[in-house]
Amino acid sequence: MEARTRTYLEGRFGDYYRRSDVSVPPAADRREWGHIPWSAGRTTMIRHQSLLDIGDLDDFLHRTAPRHVYFSSARFADPGASSMDEKGWQSADLVFDLDADHLPGVDPEETSYAEMLAACKTELRNLLSFIDDDFGFEETEVVFSGGRGYHVHVRDPAVRELKSEARREIVDYVRAIDLDVDGLITTESNRGTTRRMLRRRGGWGARVHRRLVDLAERLREMEETAALERLQELEGIGEGRAKTILGQIQHNFEAIREGNVEAGGPGTRILVDALAAEAIEAESAPIDEPVTTDTKRLIRLPGSLHGGSGLVVTPLDRSELDDFRPLSDAIPERFRGREIRVDVTDPGPTTFDGDTFTIPAGEQSVEESLGIFLMTRGRAEKIKE
C-alpha cells in the first residue's frame with residue numbers, strides 16, 4: 001500500500017471516529033486493549049494497554065485513527081501489565097469465530113467474497129442453534145467482523161471461568177469432532193422389556209432423530225422406486241436393505257418415529273449411522289478452535305472499522321440476521337455521498353452495496369465507500385485529486 005493511500009485512509013478513519021459513538025464492552029476497565037496503526041511495512045500491534053492508558057475511547061479512536069482495534073476476551077486485575085503473567089487473569093468471555101475463507105467446501109480462489117460471506121451466515125445459524133438449543137447460553141452478542149465472517153461473544157457467568165480444556169470440549173461438540181454415534185443411543189425399559197432408542201431430547205441425538213423422522217415421513221409419501229433410490233443414496237444401504245427399511249417405515253412408522261433403532265433389524269441402525277453422518281456435515285459449525293479455546297484472546301471491537309475492508313464491525317440483533325447484507329449494511333454512512341479517484345490495480349468482478357459489476361483497471365472515479373473498500377483490500381491506490 002502506497003504512502004498516499006495510507007495517509008488518506010487514516011484521515012478518513014479518523015473522520016469516521018470523530019462522528020461515531022463506539023460502545024465499550026462490559027467490564028471495559030478490566031480488559032486489555034490493542035490496535036494496529038496505519039504504518040508502512042509490517043503491521044505491528046500495539047497492545048498491553050488498559051482503558052486507563054488510552055483514556056476516553058472516542059477521543060483515542062479519533063486521535064489515532066487505527067487500522068484495527070481490539071479488546072481482550074479476558075478480564076484482568078491489571079490489564080495494562082506488560083506480561084500476561086503479571087496481568088492477573090480473572091475470567092474470560094467465550095468467543096466463537098466463523099471465518100468465511102476457512103469454511104469446508106469454500107475455495108477462496110474460486111469463491112467470491114460475497115459468496116463466502118453468504119456461506120458464513122449459514123454456518124452462523126448452525127452455531128446459534130448450538131448456543132441457544134444445546135447450551136442455553138443467555139448473555140450473547142452476535143457481531144459481523146467487518147471482514148470475513150462473524151463473531152459470537154458469550155458472557156454468560158456460567159462460562160467465564162472455564163479453562164482452555166473445557167472450552168476445547170465445547171469446540172469438539174459444536175464441530176462434532178469424534179462424535180460417538182453409539183452414545184446417541186440409549187437403552188429404555190418398556191413394559192418389562194428393553195429396547196435401544198435414539199436419544200431425542202436434545203443434542204446430536206435430537207438432530208439425528210429429527211432427520212430420521214423427516215426422512216421417514218417423506219419416504220412414506222414417495223413412489224416406491226423413488227423411495228428406494230433415496231435410501232440407497234445413503235452410505236451402507238444397498239437394494240435389499242433399502243427394501244427392508246422401507247417396509248418397516250410403511251408398516252411400523254410409530255416405532256421409527258419414536259426412535260426405536262431395533263425396528264426393522266440392523267438396517268435401521270445403519271440408517272441412523274448414515275443420517276448421523278449427514279447431520280454432522282450439514283449442522284456442525286466450523287468455528288475457529290484457537291479463538292474459542294484461548295482465554296486471553298484479543299477480538300475486534302464492535303463499532304470500529306475493519307482496516308481490511310473499510311466496513312463497520314457491526315453488532316447485530318438476532319432479528320436482523322436474516323435481512324443483514326454485510327456488503328451493504330456495514331458500509332459507514334460517513335463514506336457515502338461523494339466520489340473519489342483511485343487507481344485500480346486489481347480489476348475484476350466486485351459485489352458491493354447491493355450491486356455486482358466489473359471494475360476496470362486504471363484510474364477510475366468511484367463512490368468513496370467503494371474506493372475505500374478497494375484500497376483496504378489491496379485492489380486500488382489513492383491518486384491525487
Check: What pairs meet the ring-ring contact (aromatic ring centres under 6.0 Å, His included) rule with one or both residues in residues 279-314, with sequence neighbours excluded?
Finding: H68-H306
Check: Charged N to carboxylate O under 4.0 angstrom, D15 versus R12?
Finding: yes
Next item on the list: Decide yes or no for T292 and V174: does some side-chain heavy atom of the first lie under 4.5 Å from some side-chain heavy atom of the second?
Entry: no
Next item on the list: Measure from the side-chain N and O atoms of S304 to the backbone N and O of L301, and report whether any donor-acceptor pair falls under 3.5 Å.
Entry: yes
Note to self: If you count heavy atoms of other groups shown closer than 6.0 angstrom to CD of Q250, is the number above 12?
What the structure shows: yes
Check: Hey, are the side chains of D156 and T140 touching, using non-hydrogen atoms and a 4.5 Å cut-off?
Finding: no
Next item on the list: Kindly write out the residues that satisfy ring pair (Phe, Tyr, Trp, His ring centres under 6.0 Å) with F352, not counting sequence neighbours, or none if the list is empty.
Entry: F373
Margin query: Looking at E339, I'd like to know if its CD atom is crowded, meaning that more than 12 non-hydrogen atoms belonging to other residues, nucleotides or ligands lie closer than 6.0 Å.
Written below: yes
Check: Are the charged groups of E221 and R218 less than 4.0 angstrom apart, N to O?
Finding: no
Notebook entry, point to check: Hey, is D59 close enough to R63 for a salt bridge, meaning N to O under 4.0 Å?
Noted result: yes
Margin query: What verdict does the side-chain contact (heavy atoms from CB on, under 4.5 Å) test give for D178 and D172, after you've listed the backbone C-alpha separation in whole Å, the side-chain angles of each residue and the deciding distance to 0.1 Å?
Written below: CA-CA 8 Å; D178 297 327; D172 290 349; over 6 Å; no
Check: Taking atom CD of E254 as the centre, does the number of heavy atoms from other residues, nucleotides or ligands within less than 6.0 Å exceed 12?
Finding: yes
Note to self: Could you check whether atom CD of E235 has more than 12 heavy atoms from other residues, nucleotides or ligands sitting under 6.0 Å from it?
What the structure shows: no
Item checked: Test log, rule side chain to side chain donor-acceptor pair (under 3.5 Å), inputs E115 and S112 -> CA-CA 5 Å; E115 291 169 336; S112 72; 3.2 Å; yes
Margin query: Can you tell whether the side chains of D322 and R125 come within less than 4.0 Å, N to carboxylate O?
Written below: yes
Notebook entry, point to check: Taking the inter-plane angle between the rings of W204 and F130 on a 0 to 90° scale, is it parallel (under 30°), tilted (30 to 60°) or perpendicular (over 60°)?
Noted result: tilted
Check: Just by distance, do the side chain of S328 and the backbone of G354 share a donor-acceptor pair under 3.5 Å?
Finding: yes
Item checked: Side-chain donor/acceptor of D29 to backbone N/O of L52, under 3.5 Å -> no
Check: Ion pair present between R300 and D97, side-chain N to carboxylate O less than 4.0 angstrom?
Finding: no
Check: Heavy-atom count around R318 CZ within 6.0 Å, excluding the residue itself: above 12?
Finding: yes
Notebook entry, point to check: Does the distance from a Lys or Arg side-chain N to an Asp or Glu carboxylate O, for E217 and R220, drop under 4.0 Å?
Noted result: no
Margin query: I'd like to know whether CD of E281 has more than 12 heavy-atom contacts from other residues, nucleotides or ligands below 6.0 angstrom.
Written below: no
Checklist line | Criterion salt bridge (charged side-chain N to carboxylate O under 4.0 Å, His left out) on R207 and D133, from CA distance to verdict | finding: CA-CA 11 Å; R207 287 181 167 83; D133 301 334; 5.4 Å; no
Note to self: Is it the case that atom CD in E224 sees more than 12 heavy atoms from other parts of the structure closer than 6.0 Å?
What the structure shows: no
Checklist line | Spacing of CZ belonging to R75 relative to OG belonging to S91, to within rounding of 0.5 Å | finding: 4.5 Å
Notebook entry, point to check: Got F76 and R30 here, is their nearest side-chain heavy-atom distance under 4.5 Å?
Noted result: no
Checklist line | Presence of salt bridge, D273 and R269, under 4.0 angstrom | finding: yes
Item checked: hydrophobic_cluster_shared for Y8 and L370, side chain cutoff 4.5 Å -> yes
Item checked: Ion pair D288/R297, N-O distance below 4.0 Å -> no
Notebook entry, point to check: Taking side chain as C-beta onward, heavy atoms only, is W33 less than 4.5 Å from D53?
Noted result: no
Next item on the list: Compare all side-chain heavy atoms of I299 with those of F71 and state whether any distance is below 4.5 angstrom.
Entry: yes
Notebook entry, point to check: Side chains of Y16 and I372: closer than 4.5 Å at any heavy-atom pair?
Noted result: no
Note to self: Set out, in order, the CA-CA distance, both residues' side-chain angles and the distance that settles ring pair (Phe, Tyr, Trp, His ring centres under 6.0 Å) for W38 and F13, then state yes or no.
What the structure shows: CA-CA 10 Å; W38 290 97; F13 272 44; 5.1 Å; yes
Margin query: Which residue is it: H153, R155, R160? I am looking for the one with a side chain to side chain donor-acceptor pair (under 3.5 Å) to D93.
Written below: R155
Next item on the list: Kindly give the heavy-atom pair with the smallest separation between P37 and T44, and that separation in Å.
Entry: CD-O, 3.4 Å
Next item on the list: Give a yes or no on whether K243 atom NZ has more than 12 heavy-atom contacts from other residues, nucleotides or ligands under 6.0 Å away.
Entry: no
Notebook entry, point to check: Are any of the side-chain nitrogens in R168 or E289 under 4.0 Å away from the carboxylate oxygens of its partner?
Noted result: yes
Note to self: Salt bridge or not between E363 and R341? Use side-chain N to carboxylate O under 4.0 Å.
What the structure shows: yes
Check: Can E333 and R336 be counted as an ion pair, charged N to O under 4.0 angstrom?
Finding: yes
Checklist line | Parallel, tilted or perpendicular, as decided by the 30° and 60° cut-offs, for the rings of Y150 and F324 | finding: perpendicular
Checklist line | Beyond-backbone contact of R230 with L234, side-chain heavy atoms, under 4.5 angstrom | finding: yes
Check: Quick one: are S20 and R334 in side-chain contact, heavy atoms under 4.5 Å?
Finding: no
Notebook entry, point to check: Who else is in V313's hydrophobic cluster (ILVMFWY, side-chain heavy atoms under 4.5 Å, direct or via others)?
Noted result: V143
